Colleague: 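Mind looking over this structure? Questions follow.
Each chain gets a letter, A, B and so on, in the order the sequences are listed, and its residues count up from 1. Nothing here was measured: the structure is a model prediction, and the numbers come from that model.
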There are 2 protein chains.
Amino acid sequence: MSISAPLSRRALPGHQIVLGETDKLRLDSGVDFGPFTLAYQTYGALNANKSNAVLVCHALTGDQYVADDVHPITGKEGWWRAIVGPGKIIDTEKYFVICTNVIGGCLGSTGPKETNPETGKPWGLDFPVITIADMVRAQAMLIDHMGIDTLFAVIGGSMGGMQVLEWCKSFPDRVFAAAPIATSYRHSAQNIAFHEVGRQAVMADPDWCGGNYLLEGKKPARGLAVARMTAHITYLSEPVLHRKFGRKLQNRGAITYSFDHDFQVESYLRHQGKSFVDRFDANSYLYITRAMDYFDLSVEFDGRLAEAFRGSNTRFCIISFSSDWCFTTAESRRLAHALNAASCNVSCVEIESDKGHDAFLLDEPDFHMVLSGFIQGAAEARGLN
Amino acid sequence: MSISAPLSRRALPGHQIVLGETDKLRLDSGVDFGPFTLAYQTYGALNANKSNAVLVCHALTGDQYVADDVHPITGKEGWWRAIVGPGKIIDTEKYFVICTNVIGGCLGSTGPKETNPETGKPWGLDFPVITIADMVRAQAMLIDHMGIDTLFAVIGGSMGGMQVLEWCKSFPDRVFAAAPIATSYRHSAQNIAFHEVGRQAVMADPDWCGGNYLLEGKKPARGLAVARMTAHITYLSEPVLHRKFGRKLQNRGAITYSFDHDFQVESYLRHQGKSFVDRFDANSYLYITRAMDYFDLSVEFDGRLAEAFRGSNTRFCIISFSSDWCFTTAESRRLAHALNAASCNVSCVEIESDKGHDAFLLDEPDFHMVLSGFIQGAAEARGLN
């Protein structure tokens, strides 16, 4: 089976490249996919010997606008400006930073909301199910196109960290330094369960129309909002919810004995659900959560995770956050043990924080210090200073 | 405002009593409610001096059939047969056990699915918002009717534990021994957040019909299933999900690259959602979750929880489970500290278990040993041996 992907895209700022025109992308599902579009941003300049490229991988609901001043849809600044930019840890005056919208995404890369050239209609559920490895192979085709042999660093948090690990496993000679952050080598049963709830919420919305909502001129806004609300709770922590909201009431002196949003935390969650629907495609949410669920680097080695990294020369810095119950430090330790068992160069740091999984996106000085030290040390070893 | 409640009920086994015909039930919301029906079960016999009564309080989705051989709807045995029955910890050959369906419930007590006598239609969202204290006051009216001054024991887990604590605060002289299990004196921000997601899932289902689904001949089955699935994850724990399901596939040798239930945990969750819808009313789910959200015993004392129990002669046994992240041991400890500060008779035990919040319903030998010891000690002190 070979599928040709659409070339037309809505007008979004940044780069778009058509890949897989001759050599298609062989998906894990067996589908030969292409041509397909990859939307991406770059920041800084590639040096003469092409040794200063940093690939940043985004999380489930992230995108390629990692370090932009103004996001084209939300109007806010890029999602990792705390880390990436001029003078930042990933210094765009020193490094050439690349960030792609994953395939299956909804910000310009080929995904279920784009047009299926075979039918002239949006892909919907005819879009092939993709995996983290598929996302990474698509990125590798872009890196090939750029003529970059070895990436100085690949970094990312959450699903971005899964891509980092997949890069290290699939292309060990092409990654000099890797920072998988707030992530795991496999999606846990609990995380699969929460994703399944989110998908069921989307699919239960009649406006999802069996995946054909774009054709029907509808939008499963309520279902997607519920999915986002559930997920959002998992990205936080009980301590941070208690600290930020506790049982504080929303603009009222007393409870109303109604189903109104009496509590601030309810109001906050409803806002999170609503604003997400404005910027994300429901089918992309299904496909990308599925890709995360399927992720398990150890499975092809019958659970012997170390085999995934045997012989790797990449230097790893694994970072977790103490209150992250989505991707726990225990998972990061298992990864570190496997890398040690494979005689890899690895450090593993747990950052003390009450901010839960989302801590990797936030202003966390200890985290930034650790990442900064790792990047600087790697740059010296790479002769980039 | 005074509301009269319906008297007709579907045919369910067990007792039903009409209360509040002359003296209405004053709800926390200010509504004078009644007459209303309380459905309840009893097991064993009340002794001559009426000193052997044990009130068991059920959790969010529980009911009065605590120790029946066969539940009239599910066909399974009563939900706490591990604890309550002949020769069990709460020995029905020794104690007179009472368990009521809470008001707002859907198993015979007056709740949103019953007929509003003022309109002749199901209450729906015209049902008044109720609180844990309202549930407890309704139970107290039944206990009055039975001529019981002091309950030998009040026990319950989760929302049942909230009722236990409310009993001890509102009727300190009427509770000899109290066992609040896997519970808290207030609902946390995270728990409110998960409940809000569940309510939004129900309300997002077009078949909810603004709460009037019974009138419309519909049922918000998909929304309620999503709500239940989310809640069900919170009742378990990551370790137990890992142990029971891990990443095991459901009746297949490999992933299907689809949105089918590839993983056992997905299949299990879908089943949980579906079977719940068959036995529970969606509006009851909204009302009872709201009652839990509103629960905070400390609020009328400006946070000084100890004041809620000052002067109490009740003996308390607080039990929590190590992997319960819904109602954590930390919350139980705060409760124990407050009881100590109020010079109460209190013991506080954390049971080691990987089964999460639901452990209180399961076969947990250490838990049973602790509860058994507490009940036996209290029985001796009460002269019941």
Colleague: Does any heavy atom of chain B fall under 4.5 Å from the side chain of A:Leu125, the backbone, both, or neither of them?
Modeller: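 It is the side chain, since no backbone atom gets that close.
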
Colleague: Contact part of A:Tyr287 toward chain B, heavy-atom cut-off under 4.5 Å: side chain, backbone, both or neither?
Modeller: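 For A:Tyr287, backbone and side chain are both near chain B.
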
Colleague: Enter the distance from A:Phe259:CZ to B:Asp293:CG here, rounded to the nearest 0.5 Å.
Modeller: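 The CG atom of B:Asp293 is 9.5 Å from CZ of A:Phe259, to the nearest 0.5 Å.
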
Colleague: Where do B:Gln190 and A:Ile233 come nearest, in terms of heavy atoms and distance?
Modeller: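 What the structure gives for the nearest pair is CG-CG2, 4.0 Å.
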
Colleague: Tell me the residues of residues 131-138 of chain A whose non-hydrogen atoms fall below 4.5 Å from those of chain B, in number order.
Modeller: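 Checking residues 131-138 of chain A against chain B gives A:Thr131.
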
Colleague: Using non-hydrogen atoms and a 4.5 Å limit, figure out which bit of B:Phe194 sits close to chain A: side chain, backbone, both or neither.
Modeller: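 For B:Phe194, the contact with chain A is made by backbone and side chain together.
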
Colleague: Identify which of B:Val265, B:Thr256, B:Thr230 forms the greatest number of heavy-atom pairs closer than 4.5 Å to chain A.
Modeller: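 Of the candidates given, the most pairs with chain A belong to B:Thr230.
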
Colleague: By a 4.5 Å heavy-atom criterion (distance strictly below it), what part of A:Leu286 contacts chain B: side chain, backbone, both, or neither?
Modeller: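 Contact with chain B: backbone and side chain both.
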
Colleague: So for A:His187, is it side chain, backbone, both, or neither that comes closer than 4.5 Å to the heavy atoms of chain B?
Modeller: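 Both backbone and side chain.
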
Colleague: Out of A:Arg228, A:His232, A:Arg270, A:Met229, which residue meets the side chain to side chain contact (heavy atoms under 4.5 Å, CB included) rule with B:Val197?
Modeller: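 It is A:Met229; the other options fail the test.
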
Colleague: Under the 3.5 angstrom rule, does the side chain of B:Arg290 hit a backbone N or O of A:Ser258 as a donor-acceptor pair?
Modeller: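 Answer holds: yes.
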
Colleague: Give, as side chain, backbone, both or neither, the part of A:Asp296 having an atom under 4.5 angstrom from any heavy atom of chain B.
Modeller: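 Both the backbone and the side chain of A:Asp296 come within 4.5 Å of chain B.
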
Colleague: Determine whether A:Phe263 and B:Glu196 make a side-chain contact, defined as any pair of heavy atoms from C-beta on separated by less than 4.5 Å.
Modeller: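 Result no, sub-4.5 Å side-chain heavy-atom pair not found.
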
Colleague: Minimum heavy-atom separation for B:Ser188 and A:Glu238, please, with both atom names.
Modeller: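 Between these two residues, the closest heavy atoms are CB-OE2, 3.8 Å.
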
Colleague: Do you know which two heavy atoms are closest between A:Leu241 and B:Ala189, and how far apart they sit?
Modeller: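 What the structure gives for the nearest pair is O-CB, 3.7 Å.
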
Colleague: Output the distance between atom CD (A:Glu266) and atom NE2 (B:His195), rounded to the nearest 0.5 Å.
Modeller: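 So the CD of A:Glu266 and the NE2 of B:His195 are separated by 11.0 Å.
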
Colleague: Does any backbone or side-chain atom of A:Asp207 lie under 4.5 Å from a heavy atom of chain B? Answer side chain, backbone, both or neither.
Modeller: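 No part of A:Asp207 comes within 4.5 Å of chain B.
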
Colleague: How about NZ on B:Lys248, more than 12 heavy atoms from neighbouring residues, nucleotides or ligands closer than 6.0 Å, or not?
Modeller: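 Counting neighbours around NZ of B:Lys248, more than 12 heavy atoms of other residues, nucleotides or ligands fall under 6.0 Å, so yes.
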
Colleague: Quick check: does any side chain N or O of A:Tyr294 sit under 3.5 Å from a backbone N or O of B:Tyr257, one acting as donor and the other as acceptor?
Modeller: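 At least one qualifying donor-acceptor pair exists.
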
Colleague: Is B:Asp262 close to chain A through its backbone or its side chain, or both, or neither, when contacts mean heavy atoms under 4.5 Å?
Modeller: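 Both backbone and side chain.
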
